[in-house]
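What follows is one structure encoded as structure tokens, with my remarks underneath.
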Amino acid sequence: MTERTQLEIRGMSCANCSGTVSEALNSLDGVREANVNFATDEGTVEYDPEVVSLSEIYAAIEDAGYDPVRATTTIGITGMSCANCADTNRTALESVPGVVDAEVNYATDEASVEYNPAGVNRSALYDAVEEAGYEPVREDGTDGKEAEADARQAARDAEIRKQFRLTLFGAVLAAPLVFFMLEHLFFPEMVSETVFGVDVAVIQFLLATPVQIWLGKEFYGNAYNALVKNRTANMDVLIALGSTTAYVYSVAVMLSLIPGGTYFDSAVLILVFITLGNWLEARSKGQASDALRELLELEADTATVIEDDGEREIPLEDVEEGDLLRVRPGEKIPTDGIVVDGESATDESMVTGESVPVEKREGDEVIGATINENGVLTVRATKVGEETALQQIVGMVKEAQARQPEIQNLADRISAYFVPAVIANALLWGILWYLFPEALSGFVNGLPLWGLVAGGPNVAGGAVGAAGGVTVFEFAVVVFASAVLIACPCALGLATPTATMVGTAIGARTGVLFKGGDVLERVKDAETVVFDKTGTLTEGEMQLTDVVAIADETDPAMADGGADVLGAAADAETTTEELVLSAAASAERGSEHPLAKAIVAGADERGVEIEDPSSFENVPGHGIRAETSHGEVLVGNRKLLREAGIDTDPAEKTMERLEREGKTAMLVALDDRLLGVVANADEVKASAKEAVSDLRERGLTVLMLTGDNERTARAVAERVGIDPENVRAEVLPDEKAAVVEDVQAGGENAMMVGDGVNDAPALAAAFVGTAIGSGTDVAIEAADVTLMRDDPRDVVKAIRISAGTLSKIKQNLFWALGYNTAMIPLASLGLLQPALAAGAMAFSSVSVLTNSLAFRRYVPDHEYRLLGFLR
């Protein structure tokens, strides 16, 4: 059986490119034929899905250096009850032709599907979920994410209501059964064997059967799908097995087919307790996902658009890029944009976590969903719909919640083998109790727990428990049912995803976005933090501070040297400084570099004449060369001028003084003659020193990368508290990734923190790449963590959220595994009855959810405290 798929492939530019892709695809085992056309940027692949997966085909194209187009969608799924259910849905979705990868999160009732947009129909994904025995939340109409979100919320609410109705129905019918059970245990003579002439066992049967049918239907259906369709065993198999054992055994006793007592109460209470747990779970899942819903609710519903004939209020979804929007005080800014008129302050706390309002004026960027505090703003919409910062945040958080930490893989592997092992264990102990009751009862005799049920496991006259008259076979059945029910791995499956959901939501609320749960797990393991200097530890806004003319004995006009232009008088010295600045600014006018812009802006402020260069050449990492009306101008470092044969010694003392002050000093030469020095400075962020101090207190090594020279770099490092030996100066843009790789080659996990385009390779190479949110889209795309604010203290916050979340996960896993470890032996030794086992199991799941939800109150401005052995 073969499948044929069509792919869109980006990055091809010639027939050689398409030949390379074709060769890469044809080399894969299982690929029958691959044809790639670079002219149409498309390819067709015929392959055997039993031998090679679509994800391997995509990987082969990427390994060849090209980009196969893929899309991602999210599908809500109801009916899942454990991690095995999630795994079943994942397998079903990945079997759909055109699906590259699927991840299913049982805690959020969602599947994230990565697929070939040219080869997948959304309805096929829904059908796959249904065929696996679960219910997909179908998107009604074409309203996109909003309609899908509404449909998911409606489905979640419906599920909560359904579980509540089932719990209420079961509880009403279980109440008389509980009365009969308590009467049998504590007041055995209060009720006779018949009530109004009807045998008590028959009454219990009439009460238990509706519960078994209505509440048990869902568990039986899911168990059937797991065993027959998917050939797996999940939690529903254990519940159905335990409840059915108690019910069928009781029916057999009622019909006098076998001797013993009835356990209709246990059969009913098993289903009632589990359904109660499902209801509480559904409610807790809704609370855990509230963060995303609350974020989406921050959006404005309407926008006021400025038109030629006045203003008009329109729905938010009708706003288009380029529209002019009027935002009055107290109103939400409808979408991302740029202020074109007006001054105000905006409250951005709901998006960035920054509590202090941010001043906005003409030319400043504003974020959609933030609140205009005062003043009327006219905003030009630059990003609308899914492109806005808020929608990007929501998308990143949803992706983070779908991508689980590595620790979850361990839990999933345990769950996959756990259910069969539980059934085997229950069978083993049921058989052992039936075959060797005397030996086992002697071992556990005297333990008090079983006395609540049958008076103690004492073998007497062929019965176990003289007080209760429990037969050996009956006791073996009870042990089997209890051992099956007590070991359901629900809590184990919930331990990681619920904590991850809360952790990523805390991050989103406080301006720290993690790309995935796997990233959330990694951040805490960073050992060395590597900061790019400009824009990360400093404000990133260079300003011209010094202009110095260097004396040249061959030029009478420059014989007296130079002085700082800021305090110069109108004399010959001012003229030489004006010449230095005019030459430098005219040359730098052709550059977009921040240093160049600062020089040009400084010349404009001082009224110095600037001209456009007739030619311009950038010398990466060293400076620029330009032809101006003054002549050929060089602006850059010592190496640039020395390679041009210009002596830089006359300016050395000036350069050293400026660099010791933490300024970036640049030499200016005109027609092979040293002209002078210009210097820029970038203010260190007020929070940088505190951030470095906090990181060092955590035991992390802090490094700083910069293209500046050694003296300037060390001056900045000294101000923020970074050791001189941890400064990497004069690093060219393409060398930053190599520095990060060197750190990691030494056995240290590196977190790279940067904000520029030239930081992207280093961010991608790092163990964890962290982009300051004020940085470029390229840097953010390459990073694993995005900080919405440009505050370096948020690096510490990200580490704290990571550590706190992983601590919570470990705490959840400890209790989940500890519960199973403690309870399975008790049930196997006959010390719990089935109803109590079911109640304990339901409680364990709810306790894990409650524990995770309690983490929502964590504020990452301080360490998350947890018992040392669970950290």
Side-chain angles (χ1 to χ4, degrees), residues 71-96 98-115 120-140 144-145 147-163 166 217-219 221-226 229-230 232 234-237 277-279 281-289 292-293 395 397-404 408 412 415-416 489-490 493-494 496-498 500-501 517 845 849:
T72 302
T73 189
T74 304
I75 298 174
I77 302 174
T78 61
M80 294 191 293
S81 58
C82 66
N84 287 347
C85 298
D87 190 64
T88 296
N89 279 290
R90 179 188 60 79
T91 302
L93 288 168
E94 288 182 345
S95 69
V96 175
V99 170
V100 180
D101 187 42
E103 292 200 21
V104 181
N105 191 329
Y106 146 60
T108 60
D109 290 334
E110 288 183 341
S112 176
V113 184
E114 187 175 274
Y115 62 99
V120 171
N121 187 320
R122 192 177 179 89
S123 62
L125 302 177
Y126 294 143
D127 293 341
V129 173
E130 284 186 340
E131 288 172 7
Y134 300 88
E135 187 62 34
V137 179
R138 291 182 178 270
E139 184 178 328
D140 185 15
K145 288 189 174 181
E148 189 172 351
D150 291 342
R152 282 195 200 130
Q153 185 57 41
R156 182 172 283 122
D157 291 342
E159 179 68 16
I160 293 172
R161 289 193 298 270
K162 170 189 163 187
Q163 295 297 336
L166 290 173
K217 179 176 64 175
E218 183 175 352
F219 299 110
N222 291 340
Y224 173 81
N225 290 329
K229 286 188 176 182
N230 305 310
T232 62
N234 60 13
M235 186 195 78
D236 293 308
V237 173
N278 288 345
W279 173 55
E281 259 184 49
R283 291 186 59 198
S284 297
K285 288 179 182 179
Q287 294 173 23
S289 61
L292 285 181
R293 188 163 60 251
V397 173
K398 291 179 72 172
E399 181 183 353
Q401 292 182 348
R403 286 169 51 183
Q404 294 299 327
Q408 174 65 19
D412 288 345
S415 295
C490 312
L494 288 168
T496 297
T498 52
T500 301
M501 287 174 65
S845 298
L849 281 163

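Note that the CG atom of D101 and the OH atom of Y115 stand 14.0 Å from one another [nearest 0.5 Å]. Taken from CG in L93 to OG1 in T88, the straight-line distance is 11.0 Å, to the nearest 0.5 Å. From K162, atom NZ reaches atom CD of E218 across 4.0 Å, with rounding to the nearest 0.5 Å. Note that the CG atom of N84 and the CG atom of N89 stand 11.5 Å from one another [nearest 0.5 Å].
Here E135 pairs with nothing under the salt bridge (charged side-chain N to carboxylate O under 4.0 Å, His left out) rule; sequence neighbours left out. Listed by chain and number, the residues in a salt bridge (charged side-chain N to carboxylate O under 4.0 Å, His left out) with K217 amount to none (sequence neighbours excluded).
Side-chain contact between T78 and Y134 is absent, with no heavy-atom pair separated by less than 4.5 Å. Side-chain contact check for N105 versus T500: every heavy-atom pair is 4.5 Å or farther apart.
Every pair passing salt bridge (charged side-chain N to carboxylate O under 4.0 Å, His left out) that includes a residue from residues 74-93 is listed here, sequence neighbours excluded: D87-R90, R90-E94.
Between A111 and I77 the shortest heavy-atom distance is CB-CD1, 3.8 Å.
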**Message:** L125 vs T73, test: side chain to side chain contact (heavy atoms under 4.5 Å, CB included). Steps then yes/no.
**Reply:** CA-CA 10 Å; L125 302 177; T73 189; 4.0 Å; yes
